[in-house]
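Predicted model only: the values in this text are computed from it and were never measured. Reminder, nothing fancy here: chain letters follow the sequence lines and each chain counts from 1.
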Amino acid sequence: MTERELGKAYRPAEVEGSVYERWLAADVFAPDGTGSRADAAKPPFVIIQPPPNVTGSLHLGHAQRTAVEDLMIRHARMQGRPTLFLPGLDHASIAAQFVLDGILAREGESRATLGRDRYLERMSEFVERTRGVILGQQRRVGASADWSRLRFTMDDGSAKAVRHAFARLHRDGLAYRTAALINWCPTCRTSLSDLEVIATPTTGSLWTVRYHLVDGSGAADPDAWITVATTRPETILGDTGVAVHPDDELYTALVGRRVRIPFVDRDVPIVADESVDRAFGTGAVKVTPAHDATDLETGQRHGLASIDVMTDDGVINEHGGAYAGLDRFAARARILEDLAGLGDLEGERPHELILGRCQRSDDVVEPRLKTQWFIRVAPLAERALAVTRSGQTRILPERFDKIWEHWLTGIRDWNVSRQLWWGHRIPAWYCPDGHVTVSELEDGPAACETCGRGASELRQDPDIFDTWFSSGLWPFSTLGWPDATDDLARYYPGSVMETGYDIIFFWVARMMMLGLALLDEAPFETVYLSGLIRDPYGKKMSKTTGNVVNPLEIIDTTGADALRFALIHGATPGLDQRFGQAKVENARNFANKLWNAARFVLGARPETIPAGSPRRAPDPELLGPSERWIRSRRAATVETVDRAMSDFQFAEVTRALYEAIWSEYCDWGLEFVKVRLADDSLSSATREATWWTLVEALDTYLRLLHPVMPFVTEELWGAIPHDAGDPALLIVADWPSAEEQEAPIEADIFAIIDLIGAIRNARAEAGVEAGAWLAVRVAVPDDLGPAFNALAPSIERLVRARPLTQVSTREELNRSANAGLTVVVGDLEARIELSADEDSADRERHRLEKELADAEGFLTAAKSRLGNDAFVQRAPAAVVAGARSRAAELEETVARLRERLGR
RNA sequence: GGGCGAUUGGCUCAGUCGGUUAGAGCGCGCGGUUCACAUCCGCGAGGUCACUGGUUCGAAUCCAGUAUCGCCCACCA
C-alpha cells in the first residue's frame, strides 16, 4: 500500500472533488456493492431520509439532515453492518404546483389556459430539469447513499404502492368517501388536511344581527326578532336555522317559531340544542351547516338543510341571491351595509378569533361541505400509539412522546383527496349510477363491482391524493411493496428515521399508521428528530427575510467537512440551532489542524522506516510515558465516541473528537514526542515505536472522525501507512475498538502538563521575554520520577528551561535559593531562576499571594465539608476519599506557598 | 384555552446516575516569524448557571412556583 502525497496546505475543494469519485468508483455505498465489506450476518442498518422536494434546492436544513443521516450510516458501515441509505425525491404535489404556477404566470399562462394534460406535461418537463439539482447537492455534502436505488414518489413503483395501499384500506373499511365539512383554500382551489391549515389569531369583529320572527300568516314581523351573533356575516346566505340552549329562559318561548333569513327570504326554525353556549354573544346562534362544523352537527340533529353559498374560488354562488358573483369579503361588506340599511345590524364589537389560513397560500380557509375521500384514522392512530407506548418504536428526544400522544389521541379523519393535478389519481371509478369501484389495477377495473357495467362506462375520480399519502408509504414502497421482495424482507422495518420535528405529524405519524395498517409492523425502530436551523439571531431562515445561507457557498469556500462538523456539533436532538459563519470557520480550522498534524506525522517518520512501509504496531516494551499516554487517551476517546454514538449524542461525538485531536493529541502528544523523535541518544527501535504510536493514534482518530468529516479523513487516511488487512478506502475500514487504559500514566502525564502550564504562567506573569531560556529546577516526588525523567527533554523545550535540573527534595530546592519564580503544583515544585530586581520581586510576591489566597479559599471549603459529619457519613466513600486527598493536596500547596512567602 | 421547550461569561452553546475549583468556540487583553499548522502557538481577564422557595450532607443539575422569549396543539358562533 503506497502513501499518497499530501499538499502543504489544506484545500477542501481539491480534496472533496476527488474523494467522492473514489467512493463511487469503488462501489461502496450499496449494501451489496462490490466494494462493500458488509457482514451479511450482522443486522442491517437502514436509515430513512425524508425525500426532498423534486423542485427544491439544498438549504441548510437539508444539509443538516443529510449530515446526520450520513454520520449514522457511515458509522454503521464501518461496523460492518449492511447499510441502506436510500435516496429519493418527493413530487410535493401542492408545493410543486405552486412553483410551476408561478413560472406559468410569468409566461402569461395558467392551469386554466393549459388544461390538465398539457399542464401535467409541463410539470413533467419541469421536474425532469430540476430533479438532478438537489441530488447533486446531496453528493456535495457527502451523502453516501445508494444511488442505484434512487426513488421518486411519482415513479411506477410508488404509483403501484399507492393504488394497492388505497384499495386495501378501502377494502378494510379504512378509506371511505362522504360529504363532510372540509377545509377549502380558494386560492389553491383544493381541500386541505387539518394540518395544512394554520390557526392564526386575528382581531375580527363580532356582529349582532336581527332575524325577524315569522308570524302565523307567514309574514315577517318587523317588531319581533331574535338577535344572533356572527363573525362571518356572508354565511347568513346559507343559514337554515337558529339554535338556542334548551334551558335558556330568554328564548324558551321562541323555540319552534320560525325566523326569516335576510336577503334570501328563507324561513327557518328556531331549535333548541345543547351545544349552544348561553354566555357567548346573544345566546342565539345562526346555523349554517354547509360552512361550519358545529353547525353541521346541529343541523344534522335537527334535520336542517345544508346550503353551500360559495364557489371553488370563494365567490358567492347562485344561492346567494343578489350577492351572487361577489367575492366572499366583498359580499360580507355589502351584507353589513345592507343590514344596517334595514336597521337589522344591531351591533359590532372587536373580537379575537382564530382564523384558519392555508399553509401554502396564506389565504383564509373556508370550511365547506364537500364529498371527499377520507382515511379513518382512529384505529390506525391507536396502533401507532401502542407501538410507541410499548417501546417497539422509540422517539428521540423522549419529550416528543407527549406531543405524539396528544396528537394521535382524538385526531379527526384525514381528508386525502385533493382537487389538484400533479399527483397520484385516486384509483376510484364511478359508474353512471353512482356506484364506486376502487381498484389497484393500473388500467382500472374491468367493470363496476356493483352493477357490472363495463369499463367504458366508468369514469375515474378526477382528484389526486394528498402528497403525504404517497410519502407515508415511503419506507416500504421504496422496497418493492406490495410485492414480497427480498429487499422488503431484509430492510423493513428501518432502523432510524431521521427528520425535522416540524413534520412529525405530516410524515412520521402517517408512515407509522400506514406501515402498521398495511404491513402489520412499525416502519422503523427509532425516530430521531432534529432541530431546525436558524440564522445567527434565532430567526427562521426564509427567502423573503433574505437571511438564507446557501450551504453550497459554504462548501465551496470552507468545505463540506467543515459544514458537516459545524452542523453536527450544534445538533441537540429536537432543539433548534443558530448557525453562523463563525461555526463553520472553527470547523474548517479543525480540519486544517488535522491536516497539518497528519503532515507532521508523515514528515517525522524515522529514516530507519522506509517510505511505504506497511503498518507496524508499536513495540510496547519500547514505549515511554508520552507514548503510553497517547495510547491511553486514544482508547478513552474510542469509548467516549462509542457511547455518544449509541446514545445519539452526535454533538458529543464532535466535542470529544475535537478535544482529543486538538487539545490532547496535537497540543501535548505531538509536542512531547517531537523531541523524542529527534533524540539521537535513543535507539532507532525506540524512535520507531514512538512513531508507530503516533500513526496508530492518528489512524484511530481518522476512523472515528470519518462519519463526521468523511472527505478530509479519507484523504489523510490514504496517506498513512496501512495494515495488510485494511481496505483501500477508509469509508469501508473497520471501526476502532477500545482497549485497556493506563490510568496511572494518565495521572502522571496530566500532573506534568499542569506543571508546564504553571511554569508558562509564572513566566508570562513575571513578564519574562517569551524566547528566553532560564534555568529551572524541579523537586520531583519519587512516584513521578520516571515519567518526569523520561519527558525531561520535552519539558525543557516546552517551558524553555535551560538547564532543567531535577532534584528529589525541597530542601535541595531551597538550598541554592535565590531570587526567582516559584511554581507549586500538587507534589511538584519548581524554581525558575531570574535575576532579581525590585520590580520583578514585587510582582512575584504578588502572584504567589494571589495563588495562596486561591488555595486557601478552596482549602477552607474542602475542610468545612469534611468537618460536616453528615457529609462524611452519608456521601459515598469515593466522594469523601476524593475530598480528603483534595484537602491534603491543598494543605501541601498552602504550606509550600506560605513557606516561600516567609510566613 | 391546553401543552412543550429555552433561560449558563460580550456572543453561540456543552454540561444526559446531583459530588473536586462550571467547560468550549468566537470575541476581548498581553506576548510570540519555536523546523505540522498565523486557518497557528503561549498566557490571561470575564459567570451569585433567569428569579423565589423546597428536597438533600451537597443543586446549573431534582421538585414547586414566578418571569421573559420561542414553539406546538385547539371546530365557541
Undergrad: Is the distance from OP1 or OP2 of B:G42 to the nearest side-chain N or O of A:Trp668 less than 4.0 Å?
TA: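 So the side-chain polar atoms of A:Trp668 never come under 4.0 Å of the phosphate oxygens OP1 or OP2 of B:G42.
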
Undergrad: With rounding to whole Å, what would you report as the distance between B:C69 and B:A24 at their C1' atoms?
TA: 25 Å

Undergrad: Under 4.0 Å: is that the gap between some side-chain N or O of A:Lys539 and OP1 or OP2 of B:G70?
TA: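 False: A:Lys539 side-chain N/O out of range (4.0 Å or more) of B:G70 OP1/OP2.
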
Undergrad: With rounding to whole Å, what would you report as the distance between B:U52 and B:A67 at their P atoms?
TA: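 The answer is 15 Å between these two P atoms.
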
Undergrad: Could you please name the option among B:C75, B:A14, B:U39 that lies closest to any side-chain atom of A:Ala293?
TA: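 Nucleotide nearest to A:Ala293's side chain: B:C75.
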
Undergrad: Among B:A74, B:U39, B:C35, which nucleotide has an atom closest to any side-chain atom of A:Arg797?
TA: B:C35

Undergrad: Side chain of A:Leu670 only, heavy atoms from C-beta on: which candidate in B:A36, B:C43, B:U39 is closest?
TA: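 Nucleotide nearest to A:Leu670's side chain: B:A36.
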
Undergrad: Whether A:Lys674 engages the ring of A:Phe600 as a cation-pi pair (distance to the six-membered ring centre under 6.0 angstrom, angle to the ring normal within 45°) should be assessed.
TA: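 Yes - A:Lys674 lies over the ring of A:Phe600, closer than 6.0 Å to its centre and within 45° of its axis.
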
Undergrad: Taking OP1 and OP2 of B:U34, is either one under 4.0 Å from a side-chain nitrogen or oxygen of A:Lys674?
TA: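 No.
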
Undergrad: Would you indicate what A:Pro876 reaches in the nucleic acid, counting non-hydrogen atoms under 4.0 angstrom: base, sugar-phosphate, or nothing?
TA: base

Undergrad: Using a 4.0 Å heavy-atom cut-off across all strands, classify A:Arg865 as base, sugar-phosphate, or nothing.
TA: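 Base: the residue A:Arg865, judged by heavy atoms under 4.0 Å, touches a nucleobase.
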
Undergrad: Between A:Arg847 and A:Glu765, is the closest basic N to carboxylate O distance under 4.0 Å?
TA: no

Undergrad: Is the closest basic N to carboxylate O distance between A:Lys863 and A:Glu856 below 4.0 Å?
TA: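 Result for this pair is no, no salt bridge flagged.
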
Undergrad: If we take the C1' atom in both B:G54 and B:G10, what is their distance in whole Å?
TA: 34 Å

Undergrad: Counting side-chain heavy atoms from C-beta on, which of B:C75, B:C37, B:C43 comes nearest to A:Ala764?
TA: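 Selected nucleotide: B:C43.
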
Undergrad: Looking at the side chain of A:Ala770, which of B:G32, B:C73, B:A14 is the nearest nucleotide?
TA: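 Nearest to the side chain of A:Ala770 among the choices is B:G32.
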
Undergrad: It should be established whether A:Asn761 places a side-chain nitrogen or oxygen under 4.0 Å from OP1 or OP2 of nucleotide B:G42.
TA: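 No, because none of the side-chain N or O atoms of A:Asn761 sits under 4.0 Å from OP1 or OP2 of B:G42.
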
Undergrad: B:U12 phosphate, OP1 or OP2: any side-chain N/O from A:Arg578 under 4.0 angstrom?
TA: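 Yes.
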
Undergrad: Compare side-chain N and O positions of A:Thr288 against OP1 and OP2 of B:A77 and report whether any pair is under 4.0 Å apart.
TA: no

Undergrad: Choosing from B:G42, B:G19, B:A14, which nucleotide comes nearest the side chain of A:Arg760?
TA: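 Nucleotide nearest to A:Arg760's side chain: B:G42.
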
Undergrad: With a cut-off of less than 4.0 Å, is there a side-chain N or O of A:Asn592 near OP1 or OP2 of B:C40?
TA: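 No.
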
Undergrad: Could a donor-acceptor pair under 3.5 angstrom be found where the side chain of A:Lys402 meets the base of B:C4?
TA: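 For A:Lys402, whose side chain was compared with the base of B:C4, there is no donor-acceptor pair (under 3.5 Å).
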
Undergrad: Choose from B:C4, B:C26, B:C72 the nucleotide whose nearest atom is closest to any side-chain atom of A:Ala582.
TA: B:C26

Undergrad: Can you tell me, in whole Å, how much space there is between the P of B:G5 and that of B:A50?
TA: 16 Å

Undergrad: Starting the side chain at C-beta, find the nucleotide from B:C43, B:U16, B:A77 nearest to A:Gln649.
TA: B:U16

Undergrad: Side-chain N or O of A:His291 versus OP1/OP2 of B:A77: is the shortest distance under 4.0 Å?
TA: no

Undergrad: Going by modelled atom types, is there a donor-acceptor pair between the base of B:A36 and the side chain of A:Glu671 at under 3.5 Å?
TA: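 Answer yes: a donor N or O sits under 3.5 Å from an acceptor.
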
Undergrad: Does A:Arg763 have a side-chain nitrogen or oxygen under 4.0 Å from the phosphate oxygens OP1 or OP2 of B:G42?
TA: no

Undergrad: Give none if B:G27 has no partner; otherwise give the nucleotide forming a Watson-Crick or G-U wobble pair with it, both distances under 3.5 Å.
TA: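 Its partner is none (no Watson-Crick or G-U wobble pair with both distances under 3.5 Å).
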
